[in-house]
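This report refers to the structure that appears directly beneath it.
Heavy-atom basis, side chains included; hydrogens, waters and symmetry copies ignored. Chain identifiers are assigned alphabetically (A, B, ...) following the order of the sequence lines, protein sequences preceding nucleic acid strands; residue numbering begins at 1 within each chain.
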Amino acid sequence: MLDIKTIVQDADRVRQALAHRGTDIDLEAFLGLEARRREDLQRVEALRHRRNVVSEEIAGLKKTGADAGVLVGEMREVSATIKHLEGALAEAETQLRQMLLNIPNLPHASVPVGRDESDNPVVRVVGEVPAFDFAPQAHWDLGARLGIFDFETAAKLTGSRFPLYFGPGARLERALINFMLDVHTTEHGYLEVLPPFMVNRATMTGTGQLPKFEADLFKLEGWDYFLIPTAEVPVTNIHAGRILEAEQLPLRFTAHTPCFRSEAGSHGKDTRGLIRQHQFNKVELVKLTLPETSYDELASLLADAETILRRIELPYRVITLCTGDLGFSAAKTYDIEVWMPAQGVYREISSCSNFEDFQARRADLRFRRKGKRGTELVHTLNGSGLAVGRTVAAICENCQQADGTIRIPEVLRPYMGGMEAIVP
RNA sequence: GGAGAGAUGGCCGAGUCGGCUGAAGGCGCUCGCCUGCUAAGCGAGUGUGCGGCUAAAACUGCACCGAGGGUUCGAAUCCCUCUCUCUCCGCCA
């Protein structure tokens, strides 16, 4: 959510930023409504002031036994007017809030202007793309042959796009989760969190999934609860509505959760394998920071996510999302894309974003500086560290061997009971 | 799922028959004093949001006692609905 004051005072800058994103939002309607709301607010406050003063007079008169009938009659009318104005005010506020909730964040000045993903600049390319002296197989073929994935049976149990792992496949997923959590908690200073996997509407609104993206979420029937699409949602909202002390910041959290995404409209894309599923595991990194350090924290968050790929020796690249590809809530986003040999493409495996105060304003996440009056909004950041299912897929494809077996990366072997390769 | 109790400031906890209660009292915290150190003691201060006025403060208006609605000239106090917490019973990994 943007600051109303920013929109009013800096309308041109906001208009341009929204244009760069490729959105067409009617700022004029918003500004007109806001101006009217302001007028009404001042009228109501003046009337309420009068009511407060006269009510005290009435109390005084009654105490001395005098007749307050005239004043009471007058106040009856004033109260009616107040009630009427309050109704109009509440309606305007609801409308303004609805509009605000649907306006995306402003891109940071450093975000390149562009139309879509083809305009995302590459920041760096890391690791050697493996050279195979045979045709590399897709992970779903490798996995089926090794008996570690079974998407057909998963479809029988639930429907399409659900995972079912067996044996070393299931264990590899678990090994990765443990490895990632261990690195982030013991080396990078994150606090491990195990949050609820369902959250209510207010929590979903706090991080920006609602009201705009309800169609992408799984909703529970009979409850106003949703399955989380990412741990970002419950974890970022932990301190919602609280005022933190500046000395407490930054707060760094990491959490493994399953993630549930309905992504209605994505049918036909990546229909095979582990890339696009309705349920997948992810280890998430979340930070609450001071405004002045949030971009340094974004750099270190990105580095923390990259560390995982470096350790398991997967080749990847980092890109910056351009204005046209930036997510709704983000001010700046780096994607990490891992090399997938069978398709010969880099695929997103992590997305690291700074939301600045956009989520903090929605979720009411504030802090106070010692010796300074008032409060400020924290900056929130998050990134995948990493998407686990996609990491499994990347390991399968990058570490496959001519005989169809999969070499386990060194750092994961302790988590795999010493296993060096997945064999039939 | 059934029965009951409760929700007030950072925390604990008063608020009587609705009327200077933004909210007593205590704890905590901050600053100052005192004290050879520590402890104790003394004094002052200590919510948030949205406006007005300021160079900035000071000052000032409105709102907020779980949330929403109602009664009333006036509600933390009365009424209704909802949410959450606790206790007991039932069920359960």
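- For A:Tyr225, the ring-ring contact (aromatic ring centres under 6.0 Å, His included) partners are A:Trp223, not counting sequence neighbours.
- The gap from the C1' atom of B:G18 to that of B:G70 amounts to 15 Å, rounded to the nearest Å.
- Residue A:Arg201 contributes atom CZ, which lies 16 Å from atom C1' of B:A67 at whole-angstrom precision.
- Within the 4.0 Å cut-off from OP1 or OP2 of B:G74, not a single side-chain nitrogen or oxygen of A:Asn52 is found.
- Nucleotides B:U38 and B:U30 have their P atoms positioned 15 Å apart, rounded to a whole Å.
- Rounded to a whole angstrom, the distance from the P atom of B:G2 to that of B:C82 is 13 Å.
- Here the P atom of nucleotide B:U46 and the CD1 atom of A:Ile243 are 16 Å apart, to the nearest Å.
- A:Leu47 places its CG atom 12 Å from the P atom of B:A63, with the value rounded to the nearest Å.
- A:Ser384 places a side-chain N or O within 3.5 Å of a backbone atom of A:Ser351 that can act as its donor or acceptor partner.
- One can place CD of A:Glu245 at 13 Å from P of B:C11, the figure rounded to the nearest angstrom.
- Using a 3.5 Å distance cut-off with no hydrogens or angles, the side chains of A:Thr230 and A:Lys282 do pair a donor with an acceptor.
- Rounded to whole Å, the separation between the P atoms of B:A67 and B:U77 comes to 11 Å.
- Regarding A:Asn200, its CG atom lies at a distance of 13 Å from the C1' atom of B:A67, rounded to whole Å.
- A:Arg48 and A:Glu86 are joined by a salt bridge, as a carboxylate oxygen and a charged side-chain nitrogen come within less than 4.0 angstrom of each other.
- Note on A:Ile58: a base of the nucleic acid sits closer than 4.0 angstrom, heavy atoms only.
- With RNA chain B read from its 5' end, the first of the two nearest nucleotides for A:Arg50 and A:Ala59 is the one closest to A:Ala59.
- Side-chain N/O atoms of A:Lys62 include none lying less than 4.0 angstrom from OP1 or OP2 on B:G18.
- Set against B:G74, B:C62, B:C84, the side chain of A:Tyr225 has B:C84 as its closest nucleotide.
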Canonical and wobble pairing (Watson-Crick, G-U, under 3.5 Å) of RNA chain B, dot-bracket with |: (((((((..(((......[.....)))((((((.......))))))((((((......)))))).(((((..]....))))))))))))....
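- Note on A:Arg48: every side-chain N or O is 4.0 Å or more away from OP1 and OP2 of B:C62.
- Put simply, A:His49 has a side-chain N or O that comes within less than 4.0 Å of OP1 or OP2 on B:C62.
- Note: CZ (A:Arg369) to P (B:U46) measures 23 Å, nearest angstrom.
- Checking A:His379 against A:Glu356 by side-chain atom types alone, no donor-acceptor pair falls below 3.5 Å.
- Between A:Phe328 and A:Phe213, the distance from one ring center to the other falls under 6.0 angstrom.
- The distance from atom CD of A:Gln248 to atom P of B:G10 is 14 Å, rounded to the nearest whole Å.
- Within 4.0 Å (heavy atoms only), A:Arg368 reaches sugar-phosphate atoms of the nucleic acid but no base atom.
- Rounded to an integer number of Å, the gap from CD of A:Glu56 to P of B:A75 is 13 Å.
- A donor-acceptor pair under 3.5 Å links the side-chain atoms of A:Gln277 to the main chain of A:Gly273, judged by distance alone.
- When the C1' atom is compared between B:C17 and B:C53, the two are found 42 Å apart, to the nearest whole Å.
- In the model, A:Thr380 has a side-chain atom that pairs as donor or acceptor with a side-chain atom of A:Gln359 under 3.5 Å.
- In the model, A:Thr293 has no side-chain atom that pairs as donor or acceptor with a side-chain atom of A:Asp296 under 3.5 Å.
- Across the P atoms, B:C12 and B:A7 are found 12 Å apart, a figure rounded to whole Å.
- Between B:U35 and B:C42, the distance separating the two C1' atoms is 12 Å to the nearest Å.
- Using a 3.5 Å distance cut-off with no hydrogens or angles, the side chains of A:Asn281 and A:His256 do pair a donor with an acceptor.
- Look at the C1' atom in both B:G6 and B:A76: the space between them is 15 Å, to the nearest Å.
- A donor and an acceptor atom, one from each side chain of A:Lys332 and A:Thr320, are nowhere located under 3.5 Å apart.
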Close N/O contacts between protein and nucleotides 49-53 of chain B (under 3.5 Å):
from	atom 1	to	atom 2	distance (Å)
B:G49	OP1	A:Arg366	NH1	3.1
B:G49	OP1	A:Thr375	OG1	2.3
B:G51	OP1	A:Arg38	NH2	2.8
B:G51	O5'	A:Arg38	NH2	3.4
B:G51	O2'	A:Gln42	NE2	3.4

